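Please read the structure below before turning to the comments.
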Amino acid sequence: MMKTKPIAMLTFLAAAGSAWASDFAAPGAKATLSVTYRFESAGKKQDKYDLHEWTVKRHAELSAEMVAKKPAALPALQPLDGAQTAKLQQQQAQIGKAHKQMAPMMASAEAVMAKCGDDEKCLEREAMKMGAAMSGTRQLDDTLKVGRETAAVMKPGADRYQAWEGRTQKGSYGIDERWHVVHADPICMSLPKARCTHDMTRKGGGEMAPAAGGALAEVDTQGTLVLQLPLPHGVLDYVETHTTDEPDGAHDVHTPKGPQKGQMPLRVAADGKSVGGRLSVPLKGGWRSQSGEQVVSLGAGGWHGAAGEPGKLVVSWRFVAQ
């Protein structure tokens, strides 16, 4: 018993918490966080010499399986509020006070350990001497008082949060693009109106490879849901087809003949930040079924080829728990 450190003693005293009658899910319960990323871009650029027109549609639909963790008094995904921060500061100060109050007792206990080693009879005898010496003293009364104060301060608050952890995610995607270009390269002088025409299509779709879950969620029963949405991993396959009347030599790189396989990531970032990152939304009704939508404008990052055309990304999500 003399080997017990003050922190362990205080933890034991503070172990009993009060349950809060909230509608938490049982630990291990399942939930699904589904999200659809839908990017659309359409435009036309024309000047005296050239015409560029495009219509782009890309989408990915992801579904992450999630598992409930044990309800907790403090958050895992969101910052502490003012009251929680003050409570932790109070607890730290109280631990310091308890350490100071128990220092003489711990010094005596360490002296006994040094004297007796593993001799249990010696330990028992010296412990009884210590108890007798402290009985009725101010030091004992103050130590017991600090112990009661510490137990009260360290008592955990009512459970308020429940975190959900993503395990696996699966999804599907689709790509449908059309590009039309008319340009006045000098090599096109022999063609009608001295213009070349170049059309391109990209088409693709199917199932995405299953991936480890990166999705997270945390319910704050005081009215907030924090989500980390799943993102499409890897690249998406498509088939690209060109049709053109450009004579050979119109470009440094020859236009591909026939369907060509290609890959691209789904563009889900704006200003260098992932749109599918962490977001906090107010709860609406029962927390077990929540949904929302974001609409983000993505700026231009080039013409085609880099999947960087300007457009609108719509992110629709839904969280459903058992």
Side-chain angles (χ1 to χ4, degrees), residues 35-62 171-209 229 231-277 293-317:
V35 58
T36 297
Y37 296 94
R38 187 171 68 254
F39 176 76
E40 295 186 0
S41 175
K44 179 178 180 178
K45 294 182 179 180
Q46 187 169 18
D47 58 25
K48 183 177 179 180
Y49 302 102
D50 300 331
L51 166 67
H52 292 171
E53 293 180 300
W54 69 92
T55 301
V56 172
K57 294 181 179 180
R58 307 183 190 118
H59 69 86
E61 299 174 352
L62 305 176
S172 60
Y173 75 97
I175 297 174
D176 186 4
E177 305 183 22
R178 290 175 174 81
W179 301 84
H180 176 67
V181 178
V182 178
H183 63 90
D185 190 285
I187 205 168
C188 304
M189 292 298 292
S190 61
L191 297 175
K193 297 183 180 181
R195 298 292 190 271
C196 291
T197 300
H198 188 161
D199 292 291
M200 182 193 73
T201 62
R202 284 181 181 148
K203 292 185 179 295
E207 299 297 316
M208 303 173 70
L229 300 178
L231 291 169
H233 297 293
V235 290
L236 312 179
D237 296 324
Y238 61 86
V239 175
E240 181 175 292
T241 305
H242 295 258
T243 304
T244 182
D245 59 5
E246 296 167 346
D248 287 342
H251 302 287
D252 293 336
V253 179
H254 291 292
T255 301
K257 303 296 184 181
Q260 305 290 317
K261 293 183 178 180
Q263 294 180 321
M264 71 167 72
L266 185 68
R267 192 176 175 209
V268 293
D271 299 326
K273 296 181 180 180
S274 171
V275 176
E293 184 174 277
Q294 294 177 275
V295 180
V296 182
S297 295
L298 302 184
W303 182 50
H304 66 79
E309 53 288 328
K312 180 177 67 176
L313 178 66
V314 180
V315 183
S316 305
W317 59 268

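Here the structure is a predicted model, which means the values were calculated and not measured. One-based numbering along the sequence shown. Hydrogens, waters and symmetry mates play no part in the numbers below; they use all other heavy atoms, side chains included.
- Of all heavy-atom pairs between S41 and G311, the closest is CB-CA, 4.0 Å.
- Considering only heavy atoms from C-beta on, F39 stays 4.5 Å or farther from V268 through its side chain.
- Judged by distance alone, with hydrogens and angles left aside, the side-chain atoms of T244 form a donor-acceptor pair with the main-chain N or O of T197 at under 3.5 Å.
- Under a 3.5 Å cut-off, the side chain of S316 and the backbone N or O of E293 do not form any donor-acceptor pair.
- Counting heavy atoms from C-beta outward, L236 and M208 have side chains that approach closer than 4.5 Å.
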**Request:** Before giving the answer on side-chain contact (heavy atoms from CB on, under 4.5 Å), spell out for E53 and R178 the whole-Å C-alpha distance, their side-chain angles and the decisive distance to 0.1 Å.
**Result:** CA-CA 8 Å; E53 293 180 300; R178 290 175 174 81; over 6 Å; no
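- Closest approach of V56 and E177 over heavy atoms only: CG1-CG, 3.9 Å.
- With a 4.5 Å cut-off on side-chain heavy atoms, W54 and K45 count as touching.
- We find the CD-CG distance between E40 and L313 to be 10.0 Å, quoted to the nearest 0.5 Å.
- Y173 places a side-chain N or O within 3.5 Å of a backbone atom of D237 that can act as its donor or acceptor partner.
- Within the 4.5 Å cutoff, side-chain heavy atoms of L298 are placed close to those of R267.
- Between P232 and L266, the closest heavy-atom pair is CG-CD2, 3.9 Å.
- Interatomic distance, T201 OG1 to D176 CG, rounded to the nearest 0.5 Å: 8.5 Å.
- More than 12 heavy atoms of other residues, nucleotides or ligands sit less than 6.0 Å from atom NZ of K203.
- Residues I187 and E246 form no side-chain contact, since every pair of their non-hydrogen atoms from C-beta on lies 4.5 Å or further apart.
- Here K57 contributes atom NZ and R38 contributes atom CZ; the two are 10.0 Å apart, rounded to the nearest 0.5 Å.
- Across every non-hydrogen atom of V295 and V314, the tightest pair is CG2-CG2, 4.3 Å.
- Considering K261, R202, Q260 in turn, R202 is the only one that fulfils the side chain to side chain donor-acceptor pair (under 3.5 Å) rule with E240.
- Rounding to the nearest 0.5 Å gives a distance of 14.0 Å between NZ of K193 and SG of C188.
- Atom CG of D47 and atom NE2 of H52 lie 8.0 Å apart (nearest 0.5 Å).
- To the nearest 0.5 Å, atom CH2 of residue W179 and atom OG1 of residue T55 are 9.0 Å apart.
- With contacts defined as side-chain heavy-atom distances shorter than 4.5 Å, the pair V35/V315 qualifies.
- Remark: the backbone N or O of Y49 is paired with a side-chain donor or acceptor of R195 at under 3.5 angstrom.
- Residues H180 and D199 bring a donor and an acceptor atom of their side chains to less than 3.5 Å of each other.
- When every heavy atom of P259 is checked against every heavy atom of V239, the shortest pair comes out as CB-CG1, 3.6 Å.
- Residues V235 and P265 approach most closely at CG1-N, 4.1 Å, considering heavy atoms.
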